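Take a look at the structure set out below.
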Amino acid sequence: MRAAFAFLLGTLAACNPQPANTGAEMDLPRGVVRSGYEFLQPETRILQDDDFENPGLLWVQQGAVLFETPMQGGPACASCHGEGGRLLTGAAAHYPAMESQSGELVNLEGRINLCRERYQGAPALAYESSELLALTAYTASLARGMEQSVNITGAAAPYYDAGRAYFFARKGQYNLSCHQCHDENWGRQLRGDTISQGHGNAFPAYRLEWQDFGSLHRRLRDCDSGIRAEPLPYGSETYVAVELYLAKRAEGLVMESPGVRR
Amino acid sequence: MAVIRISAPETAEKNEVIEIKAMIQHPMETGYRRDERGDVIPRDIITNFRCGYNGEIVFEAEFLPGIAANPFLTFYLRATHSGSLNMSWTDQDGQSWSATHALTVA
């Protein structure tokens, strides 16, 4: 018995010269990047593709109006960025990005609030408020169909590393990391759902579960509470860093916002 | 402010059957859900939709709590004369929103 056991161990060692679990954390290989769209049911894809039925367009339409409306103490968004957001075409595909004045990483929501406070004499909008969702929906829609491409060099590098570290960290009562579901088990079933690769290219998006439009941070908070970890606050620096890691990880995918997800 | 989206042809042949699509931004809160503190989220729903064709009601719908958020309706009507389609939504408290669509019949 002991001999057989030793033999088995020997064979295992021969077949697998490297220990099975080295703790090495592999990123999602570039060749297999697939949008969450591909994991949706056909009906949900149709809903996203239809330029009337997509419920996210309600927020885009609301945002388009806000964009052209002058503030009480300052100009409208359109007075700098052009009518119909002409000068913002594609900009959202490069967020999160470093903000030169503060030296901090900002996402689309943060950028809009900086503009409001600095140039429009208006207070910052609360995360998930209907106005901020509408403005992010509108600006993101101006990059619809364009490839996501973010800069992770220079001052952005530490943020990228922090975002990646969060993605790979086990947390919560289930002791799971984002990596375990979305890199190692995507495409497999989790009860009735197919696990996606966890890309953010459709956000801000309309989620059927929410019956509402929401930001990527709302989605991240849902993921965190799903593994029974404590969700981070909206707009937290760590979530913005995770957004940067996700954007880089999704490179090659096109912006789908306003997307529809289950 | 509730956002309304209407999709309908601007012109139609006489007696042509046309498709009207109408969507309104509304949470349609059922009154059966609870928030994270366990308190009931009060019901907040649109209860009635009407489409008038030059003042005459040609389509009407009653909404109940089972209707999804941002209700979306598709319906058909026969284009008999030029005029305006007036669509209005009324909620449980009597607040209403409306939109008008001009239709030209050749």
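In what follows, every chain begins at residue 1, and chains take the letters A, B, ... in the order their sequences are listed. Given the structure is predicted, the values throughout are model-derived calculations rather than measurements.
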Original post:
Of the non-hydrogen atoms in B/M23 and A/N54, which two are nearest, and what is the gap between them?
Top reply: CE-O, 4.5 Å
**OP:** Could you pull out the closest heavy-atom pair between B/I6 and A/F52, with the gap in Å?
**Re:** C-CE1, 3.6 Å
Subject >> Atom group of A/L208 that falls short of 4.5 Å from chain B, counting heavy atoms >> reply: neither
**OP:** Go through the atoms of A/Y206 and report whether side chain, backbone, both or neither lie under 4.5 Å from a heavy atom of chain B.
**Re:** side chain
Is the number of heavy atoms from other residues, nucleotides or ligands under 6.0 Å of [X] [atom1] greater than 12?
X      : atom1 : answer
B/E62  : CD    : no
B/E13  : CD    : no
A/Q189 : CD    : yes
A/R228 : CZ    : no
A/Q41  : CD    : no
A/E38  : CD    : yes

Original post:
Roughly how far, to the nearest 0.5 Å, is CG of A/L58 from CD1 of B/I24?
Top reply: 9.0 Å
Subject >> Point-to-point distance, once rounded to the nearest 0.5 Å, from CD of B/Q25 to CD of A/Q62 >> reply: 5.0 Å
**OP:** Report yes if the side chains of B/M28 and A/Q211 come closer than 4.5 Å at any heavy-atom pair, otherwise no.
**Re:** no
